[in-house]
Amino acid sequence: MSDKLAITPLDAWTTKKIGVKTLTADKLAAYQLSCLQTTIARVQQLSPFYRQQLAGYRQIDCLESLSRYPFTTPEQLAKQAGVMMCGSQSQISRVVTLATSGTTGNPKRIYFSKADQELTIEFFATGMSTLAGTGDKTLILLPGQRPGSVGDLLWQGLQRIAAIPTLYGLVDDTAVAVQTMCREEAVCLVGVPVQLLAMAKYWESWGQSAWTPRRVLVSTDYLSQAVISELSRIWHCEIFDHYGMTEMGLGGGLECAAHAGYHLREADLYFEIIDPVSGKTLPDGEYGEVVFTTLTRQGMPLVRYRTGDISRFITEPCPCGSILKRLERIQRRKDGLLTITPAGQLTMADFDEVLLGLPGVTNFSVTVIKNKPIAIKLIVEVVPGQSPTDKSQIYQAVRQLPAIREAERQGGLVVFGEFTHKLTSAPGKRSIQVTVGAEEDAENVR
Ligand SMILES: [Zn+2]
């Protein structure tokens, strides 16, 4: 390799945070064990939920023995958030309410103290220094109105590394967002993959500005290869993916310049990969469900929280030289496999790869209607002002998916679609909708 890759800044940050001179896997493990022991003792004492859930469980004496402990599930978080909290409500400075997938169910509530939010700002500041430096104008295309929201914490993090952040909010008008980006001469963007894709395709058709962003961080939803290819083709920019969810304290891991998996936020979170069926901890390198335990959180520590995301640890060392664990890019959730025929299964990511690279296409929704034959309804969002792609191109594209081709061949499937200039779905993790007739009964398959 001619150019030496910059090591992820998370490495130096972790070294400093755990208070060692040189970071080694052994030192990191010792730190994590000590944090886990403190967290467990704390929740057993202060959280009514964990006092009950972990009653009779002996303290762990090595990292591996954490696998004896029960999991915390999103369902428990939805039902029992109030008793999961540690200490009194007065120490909580932010509560995030998240809708749960499915038709029924309480929203999940996650409680953060001031100190918890500080940890996130620090992680954001360090992580963002991978792509933004002093004086770099950075457009934040995420919600940021409320104090403590993701956009607000990111803004604070960027301030700390002397970048120049502008809080824009989610993109509801692509043209305005692109004009703002060009006017402000934003070097970096942080946003939702399909919204960034819409901006790039609009920018391409607009032809009014030569300004292009240099580096882009995607957030909130999975990043498909089609989006990476389109953003790099149109803007020639470098694209960084990160992994996180509110339950983790927003940030969980971030790619380095090697773009080969997320370096994990190991000073704040302990990650495991488990067999989603048996619950057994899997050896490094095998695919399974991502589970994490918070190491430094105060308001609402979580012990062995099941994320529902499927991935694996990458066992080979990263070209950047970091010793932090790497998690492979997440492509699906454990409930995200849709079986339409015995011939094959589909995920939202499969549709992303064949549709998002088509000219003018910026987003789409998929609804599977379980009739006989099964129908797949596609609503495809195209750039306003651009002539829509011919429908036959859409059908041809989805027929590249073997499960669809095979089901159609067997006469068990019909595909139909329509175009729109604006999908009304809220940004977030996009998912395949499944319905058995009336669309109101739709359930999510991510
Ligand atoms: Zn790396």
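All ligand and atom numbering here is 1-based and tracks the order in the structure.
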Just wondering, more than 12 heavy atoms not from R58 lying within 6.0 Å of its CZ?
no

Looking at K114, Q117, E118, which one forms a side chain to side chain donor-acceptor pair (under 3.5 Å) with S93?
Q117

Any donor-acceptor N/O pair, Q44 side chain to L54 backbone, under 3.5 Å:
yes

Spacing of M199 atom CE and M181 atom CE [to the nearest 0.5 Å]
5.0 Å

Keeping to distances under 2.8 Å, can you name the protein N/O/S atoms close to the Zn ion (ligand 1)?
C256 SG, H263 NE2, C318 SG, C320 SG

Quick one: side chains of residues 227-234, donor-acceptor pairs under 3.5 Å with protein atoms, not counting sequence neighbours, listed by atom name and distance.
unit_1, atom_1, unit_2, atom_2, d
S229, OG, Q225, O, 2.9
E230, OE1, R233, NH2, 3.0
E230, OE2, R233, NE, 3.1
S232, OG, I228, O, 2.4
R233, NH1, E204, OE2, 2.8
R233, NH2, E204, OE1, 3.4
R233, NH2, E204, OE2, 3.4

Any carboxylate oxygen within less than 4.0 angstrom of a Lys/Arg side-chain nitrogen, looking at K17 and D268?
yes

